[in-house]
Protein chains: 2
Amino acid sequence: MREKVAVCEVGPRDGLQMAHEIMPTALKTRWIAAIAQAGVGEIEVGSFVPPKLVPQMADTEAIVKAALQQPGLRVMALVPNLRGAQAAYAAGAHGVGVPVSVSEGHSRSNTRKGTMEQVAEVRRIVEWVREQDRPMAIEPGCATAFGCAIDGVIPLEKVIETAVALAEAGVDAVALADTVGYGNPAQVRKMVRAVRAEIGDKLTKLHLHDTMGLGLANALAGLEEGIRSFDSALAGLGGCPFAPGASGNIVTEDLVFMLESMGFDTGIDLQRLIAARELLHEGVPAEPMYGQVPKAGIPKTYRARAPVHA
Amino acid sequence: MREKVAVCEVGPRDGLQMAHEIMPTALKTRWIAAIAQAGVGEIEVGSFVPPKLVPQMADTEAIVKAALQQPGLRVMALVPNLRGAQAAYAAGAHGVGVPVSVSEGHSRSNTRKGTMEQVAEVRRIVEWVREQDRPMAIEPGCATAFGCAIDGVIPLEKVIETAVALAEAGVDAVALADTVGYGNPAQVRKMVRAVRAEIGDKLTKLHLHDTMGLGLANALAGLEEGIRSFDSALAGLGGCPFAPGASGNIVTEDLVFMLESMGFDTGIDLQRLIAARELLHEGVPAEPMYGQVPKAGIPKTYRARAPVHA
């Protein structure tokens with residue numbers, strides 16, 4: 001039995017929100033279906049934010065409803081506030097992510113609230129969701145935990161403080177997010193240990209960007225600290241509109257290659273995953289497509305065993 | 001005191017040998033000088049191979065002599081055989097790398113000898129060099145140790161066997177080379193442990209390629225296993241003429257960023273290192289330049305300390 005690692009595809013949200021073109025709803029739906037059918041078990045399909053601010057996400061309600069048709073898929077949406085969470089609930093999302101920037105500067109740019117004000121918003125979401133008939137998971141991420149393009153170095157104590165406040169607000173899970181990709185593997189190990197010491201298994205996931213090329217090394221550090229859930233984006237699409245210089249998320253294809261090569265079970269068919277790039281390219285043809293494995297091709301050694309030595 | 005990690009720049013050899021253009025000698029010399037002056041302590045400046053086979057390396061003698069003018073620089077050259085080693089010695093190189101492919105198929109393509117025949121050639125080099133007046137380090141690499149585009153999966157026992165035979169031949173150091181970039185971090189850890197168990201500190205270095213995007217993750221795994229020396233190429237230049245599909249070496253700029261961010265001391269000024277890309281681009285303008293740090297820019301958090309928490 002291989003140990004399972006969950007890969008959550010965030011391209012339809014974190015990726016497309018930064019794209020210059022708007023991907024048509026029907027194509028987005030087909031793209032998400034292709035990713036789900038490649039075996040990805042969880043997809044952040046969009047965000048419930050004002051369409052005036054992020055027009056790429058205007059169809060999130062329709063996208064959530066369509067994604068719910070994929071058998072076994074965990075359908076996630078990003079919401080900045082209670083209003084967004086209510087919309088996600090109404091659409092039927094299984095869970096919501098909520099960005100909570102540890103950096104005050106990024107927090108104010110991103111949500112117009114300070115860090116602890118945004119934690120209070122998360123608490124309101126928890127209270128409201130717990131009163132509803134149906135459960136919906138609330139899984140905020142500590143954004144800019146590893147450094148910020150606006151505020152620079154983020155003290156570890158501030159990350160711990162934020163994660164603890166979120167856990168105390170009653171959320172289901174907390175992620176640590178390297179929103180701008182400034183993190184390094186030593187920092188990942190240290191932060192995961194420190195946060196887990198305070199909130200235990202409520203810390204579930206890392207959200208990493210590849211801005212400095214360290215994305216997979218950072219994922220490896222997290223993996224070795226026991227993290228078993230990672231956000232990533234097909235073709236490394238993505239960024240953050242309020243973090244200048246931030247490039248894309250870690251590449252799902254390369255992440256899956258790494259995890260499977262190391263003997264973990266992602267449940268994902270890499271060949272089918274790579275094929276899903278075509279629909280993405282059709283939808284946003286001007287966007288650069290990253291990923292080394294799709295470029296080089298899956299090598300014949302992938303998941304093969306060594307021959308018996310003569 | 002920060003712990004030191006050695007970065008050996010192999011772009012002038014492993015990079016330029018694959019370039020479509022031939023970099024003029026004077027420019028190559030200036031480029032190597034710029035890398036040395038950025039603080040890189042060791043550069044593989046070329047290879048002593050037949051100019052008919054690799055015309056890009058025809059000026060290696062002149063390049064070695066010019067590189068020797070850089071104060072404190074360890075000047076390395078790659079040699080496939082005794083004749084090459086004699087030429088490297090005559091030019092004044094401080095040390096030579098010798099490729100010894102663990103894969104029989106790759107070994108025959110690359111050197112027209114099987115693995116153990118090439119080990120015998122290394123033994124001849126050791127015997128000849130030890131008879132000379134001046135020392136010259138002999139540091140072969142176990143090529144294709146992590147998998148081969150021709151032979152596929154390489155059994156770990158064959159890597160150990162090759163490394164042990166090289167150590168017994170009396171070499172100064174042995175490197176493990178992921179020539180085609182098929183390796184993964186779990187494999188790196190396992191192989192470093194297994195080889196070190198047999199040859200101890202003779203195992204010094206990893207030579208990694210980023211074919212599948214796992215280059216820095218693999219470097220991290222090696223680092224955590226105690227490896228303190230890495231080959232890399234500025235702008236990720238490089239590949240292997242006999243390994244179809246192999247893309248470039250790990251990117252020196254990103255490697256240095258990772259190591260320094262983690263608190264290691266490479267002795268390298270990242271800003272000056274990035275500036276050396278200009279000369280490379282001038283020399284081989286058609287070659288793609290990789291590297292995330294040069295693209296994103298060095299972030300303000302680089303080697304900065306966290307502010308005192310209010």
Side-chain angles (χ1 to χ4, degrees), chain A residues 146-149 151-158 161 180-187 210-221 223-224 236 245-247 250-251 253-255 257-264 290-293 295-302 304-309, chain B residues 146-149 151-158 161 180-187 210-221 223-224 236 245-247 250-251 253-255 257-264 290-293 295-302 304-309:
Chain A
F146 296 84
C148 175
D151 286 4
V153 174
I154 301 297
L156 179 56
E157 308 88 78
K158 186 125 202 278
E161 196 179 291
V180 291
Y182 289 0
N184 69 71
Q187 189 184 16
D210 197 36
T211 317
M212 302 295 158
L214 272 53
L216 288 191
N218 288 339
L220 175 64
L223 192 70
E224 293 189 336
S247 81
I250 55 172
V251 176
E253 302 90 308
D254 295 355
L255 175 67
F257 178 84
M258 181 172 87
L259 293 168
E260 292 280 337
S261 295
M262 292 178 73
F264 291 97
Y290 302 104
Q292 293 290 99
V293 173
K295 197 167 69 177
I298 301 172
K300 57 175 146 186
T301 54
Y302 182 62
R305 299 204 158 271
V308 176
H309 191 40
Chain B
F146 297 84
C148 175
D151 286 5
V153 174
I154 302 297
L156 179 56
E157 307 90 76
K158 186 125 202 278
E161 196 178 290
V180 291
Y182 289 2
N184 69 71
Q187 189 184 15
D210 198 37
T211 318
M212 302 295 158
L214 271 54
L216 288 191
N218 289 339
L220 175 65
L223 191 71
E224 294 190 337
S247 81
I250 55 172
V251 176
E253 302 90 307
D254 295 356
L255 175 66
F257 178 84
M258 182 172 86
L259 293 169
E260 292 279 338
S261 296
M262 291 177 74
F264 291 97
Y290 302 104
Q292 293 291 99
V293 174
K295 197 168 69 176
I298 302 172
K300 58 176 147 184
T301 55
Y302 182 63
R305 300 203 158 273
V308 177
H309 191 43

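Reminder, nothing fancy here: chain letters follow the sequence lines and each chain counts from 1. This structure is a prediction, so every number in the text was calculated from the model and none was measured.
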Asker: Shorter than 4.5 Å, heavy atoms on both sides: which option in B:Ala304, B:Pro185, B:Gly263 has the most such pairs with chain A?
Answerer: B:Pro185
Asker: Looking at CD1 of B:Ile298 and OH of A:Tyr182, how far apart are the two atoms once the value is rounded to the nearest 0.5 Å?
Answerer: 11.5 Å
Asker: So which atom in A:Thr301 and which in B:Gly147 form the shortest heavy-atom distance, rounded to 0.1 Å?
Answerer: CG2-CA, 4.4 Å
Asker: Between B:Gly213, B:Cys148, B:Gly215, who has the most heavy-atom pairs with chain A when the cutoff is under 4.5 Å?
Answerer: B:Gly213
Asker: Counting heavy-atom pairs under 4.5 Å to chain A, which of B:Leu216, B:Asp254, B:Leu214 comes out on top?
Answerer: B:Leu214
Asker: Heavy-atom distance under 4.5 Å to chain A: side chain of B:Glu253, backbone, both or neither?
Answerer: neither
Asker: Might you work through the side-chain contact (heavy atoms from CB on, under 4.5 Å) test for A:Leu220 and A:Met258, ending with a clear yes or no?
Answerer: CA-CA 9 Å; A:Leu220 175 64; A:Met258 181 172 87; 4.2 Å; yes
Asker: Measure the shortest side-chain to side-chain distance between A:Leu223 and A:Phe264 over non-hydrogen atoms and say whether it is less than 4.5 angstrom.
Answerer: yes
